[in-house]
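As the structure is a prediction and not an experimental result, all values here were calculated from the model.
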Amino acid sequence: MNRENKEQFRILVVALLSFCTVGCATDDTQRVVNFTELTLQEEFDVDGAPNASVWGYDIGTGENGWGNQELQYYTDRTENVTVQNGKLLITARQESFEGSSYTSARLLTKDLFEQRYGRFEARIRLPYGQGIWPAFWMLGADIDDNPWPAAGEIDIMEYRGQNPTVLIGSVHGPGYSAGNAISKEYTLENDRFDTGFHIFGIEWAPEYVNFYVDDVLYNQITPEDVTGEWVFDKPFFILMNLAVGGTFVGSPNAETVFPQTMIVDYVRVYKNTNAN
């Protein structure tokens, strides 16, 4: 097979990936994928506080608004985070609280659940509005001993509420973090992310991270794509949060409606049985 034919075949394989998320296999140009073993299944079917065996909380404003000049104070109050009718509700409110003008919540599985490789997905209905910043993402589990960005970050989904048809998937690591992250946008045609639920996911193996919206593979990032060390070869934990303001989205304005709620139907993680 000559070089041109090989490249055409590679493009075809990547295209086929977008239609194949479970039990897929091709020749040695693609990792064998078999995401059938659930390792985390959060269906949020018990009303009240989220499952404490899986979810903890970041509380407060962090350093410099969690490093992004965000405006909210994160709490674990039911006003900001609760499970109702089979859904996890993360709600940002405009209110005076502990010196901040907004409150919200940030959940994480740190020290409770972590995994290397596999499929990570959540079905979410996103909020909207200038200055509204929801995210479903992951951090390297060694972050306490290996500070960001060296620990690595995978942003499965982040989104500017003022642009409700576009989301961003990214990886951050040493030499390619913050404004230099390796990112790609996905545009939802003829619809908005705040009008219905969508599945946001990655499929992660030793040599790539594939980014999905619903059944569409819209980006693949490999070690050749990053401008520094590839650090996605160890366990990561999950975070979900709804920020207000910050450098990524800017501040709310007079047209931003509060409260705004990020509605999570489920979070599921599958093991890649062929990548340990």
Side-chain angles (χ1 to χ4, degrees), residues 21-22 33-58 74 76 78 80-92 104-127 132-141 143 152-159 167-171 186 193-194 196-205 209-218 232 234-243 260-273:
T21 58
V22 178
V33 182
N34 186 19
F35 298 114
T36 58
E37 182 181 339
L38 272 167
T39 55
L40 178 68
Q41 184 174 14
E42 278 290 275
E43 303 293 334
F44 305 111
D45 52 5
V46 177
D47 285 1
N51 183 355
S53 68
V54 175
W55 303 104
Y57 306 90
D58 278 330
Y74 283 135
D76 59 359
T78 57
N80 297 116
V81 56
T82 189
V83 175
Q84 294 180 7
N85 301 317
K87 304 289 190 294
L88 171 67
L89 309 179
I90 302 176
T91 300
S104 190
R106 175 156 133 168
L107 284 70
L108 65 167
T109 68
K110 187 174 185 286
D111 300 324
L112 298 170
F113 175 84
E114 60 189 49
Q115 183 171 302
R116 180 177 66 167
Y117 309 138
R119 179 173 174 89
F120 297 71
E121 67 177 25
R123 185 171 184 263
I124 306 172
R125 179 171 176 169
L126 299 179
I132 301 299
W133 180 8
F136 169 46
W137 52 300
M138 302 165 64
L139 286 171
I143 192 166
E153 174 180 332
I154 302 173
D155 298 326
I156 302 172
M157 177 282 300
E158 62 179 341
Y159 151 103
L167 64 80
I168 302 97
S170 307
V171 297
Y186 176 84
F193 286 110
D194 61 313
F197 286 91
H198 294 273
I199 299 171
F200 307 103
I202 60 164
E203 292 182 355
W204 170 29
V209 182
N210 285 342
F211 290 78
Y212 289 85
V213 175
D214 299 320
D215 293 325
V216 179
L217 169 64
Y218 72 94
F232 308 102
K234 58 192 174 184
F236 276 56
F237 61 87
I238 298 169
L239 303 95
M240 291 190 299
N241 66 284
L242 177 51
Q260 287 290 327
T261 301
M262 176 177 174
I263 307 173
V264 185
D265 184 24
Y266 62 73
V267 177
R268 297 172 185 166
V269 180
Y270 297 82
K271 181 180 180 181
N272 182 346
T273 57

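The minimum heavy-atom distance linking Glu114 with Pro235 is given by the pair OE2-CB, 3.7 Å. Taking every heavy atom of both residues into account, Arg119 and Glu203 meet most closely at NH1-OE2, 2.9 Å. Pairing each heavy atom of Leu108 with each of Asp58, the nearest pair is CD2-N, 3.5 Å. In plain terms, the two heavy atoms of Trp55 and Met240 that are nearest each other are CH2-CE, 3.6 Å.
Rounded to the nearest 0.5 angstrom, Asp194 CG and Ile132 CD1 are separated by 11.5 Å. Interatomic distance, CZ of Phe236 versus CG of Leu139, reported as 7.5 Å (0.5 Å rounding). Residue Lys110 holds its NZ atom at 10.0 Å from CG of Leu239, rounded to the nearest 0.5 Å. Taking CG of Asp45 as the reference point, atom NZ of Lys87 lies at 11.0 Å (rounded to 0.5 Å). One finds the CE atom of Met262 at 8.0 Å from the CZ atom of Phe136 (value rounded to the nearest 0.5 Å). For the atom pair CZ (Phe200) and CZ (Phe211), the distance works out to 13.5 Å, reported to the nearest 0.5 Å.
Under the 4.5 Å side-chain criterion, counting only non-hydrogen atoms from C-beta, Asn80 is not in contact with Tyr57. The closest side-chain heavy-atom distance from Tyr266 to Glu121 is below 4.5 Å. Counting heavy atoms from C-beta outward, Leu167 and Tyr218 have side chains that approach closer than 4.5 Å. The side-chain heavy atoms of Thr91 and Thr261, taken from C-beta on, include a pair separated by under 4.5 Å. Counting heavy atoms from C-beta outward, Ile263 and Leu89 have side chains that approach closer than 4.5 Å. The side-chain heavy atoms of Tyr270 and Thr39, taken from C-beta on, include no pair separated by under 4.5 Å.
The backbone N or O of Tyr117 lies less than 3.5 Å from a partner atom in the side chain of Gln115, making a donor-acceptor pair. Here the side chain of Thr109 pairs no donor or acceptor atom with the backbone of Phe237 at under 3.5 angstrom. For Ser104 (side chain) and Leu242 (main-chain N/O), a donor-acceptor pair under 3.5 Å exists by modelled atom type. Between the Trp204 side chain and the Phe232 main chain, a donor and an acceptor come within less than 3.5 Å of each other. Without hydrogens or angle criteria, Asp47 side chain to Asn85 main chain gives a donor-acceptor distance under 3.5 Å. Using a distance-only test at 3.5 Å, with no hydrogens or angles considered, no donor-acceptor pair links the side chain of Asp214 to the main chain of Val216. For Arg123 (side chain) and His198 (main-chain N/O), no donor-acceptor pair under 3.5 Å exists by modelled atom type. Remark: the backbone N or O of Pro127 is paired with a side-chain donor or acceptor of Tyr159 at under 3.5 angstrom.
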Take Trp137 and Asn241, measure what side-chain hydrogen bond (donor to acceptor under 3.5 Å, both in side chains) needs, and give me the verdict at the end.
CA-CA 9 Å; Trp137 52 300; Asn241 66 284; 2.6 Å; yes
May I have the step-by-step check of side-chain contact (heavy atoms from CB on, under 4.5 Å) for Trp133 and Glu158, ending in yes or no?
CA-CA 7 Å; Trp133 180 8; Glu158 62 179 341; 3.2 Å; yes
Quick one: do Phe120 and Ile154 satisfy side-chain contact (heavy atoms from CB on, under 4.5 Å)? Show the steps, please.
CA-CA 11 Å; Phe120 297 71; Ile154 302 173; over 6 Å; no
Go through the steps to decide whether Ile238 and Val269 satisfy the test side-chain contact (heavy atoms from CB on, under 4.5 Å), and finish with yes or no.
CA-CA 10 Å; Ile238 298 169; Val269 180; 3.8 Å; yes
List the steps, then state whether side-chain contact (heavy atoms from CB on, under 4.5 Å) holds for Leu88 with Glu42.
CA-CA 10 Å; Leu88 171 67; Glu42 278 290 275; over 6 Å; no
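Ring geometry for Phe193 against Tyr186 counts as tilted: the plane angle lies between 30° and 60°, on a 0 to 90° scale.
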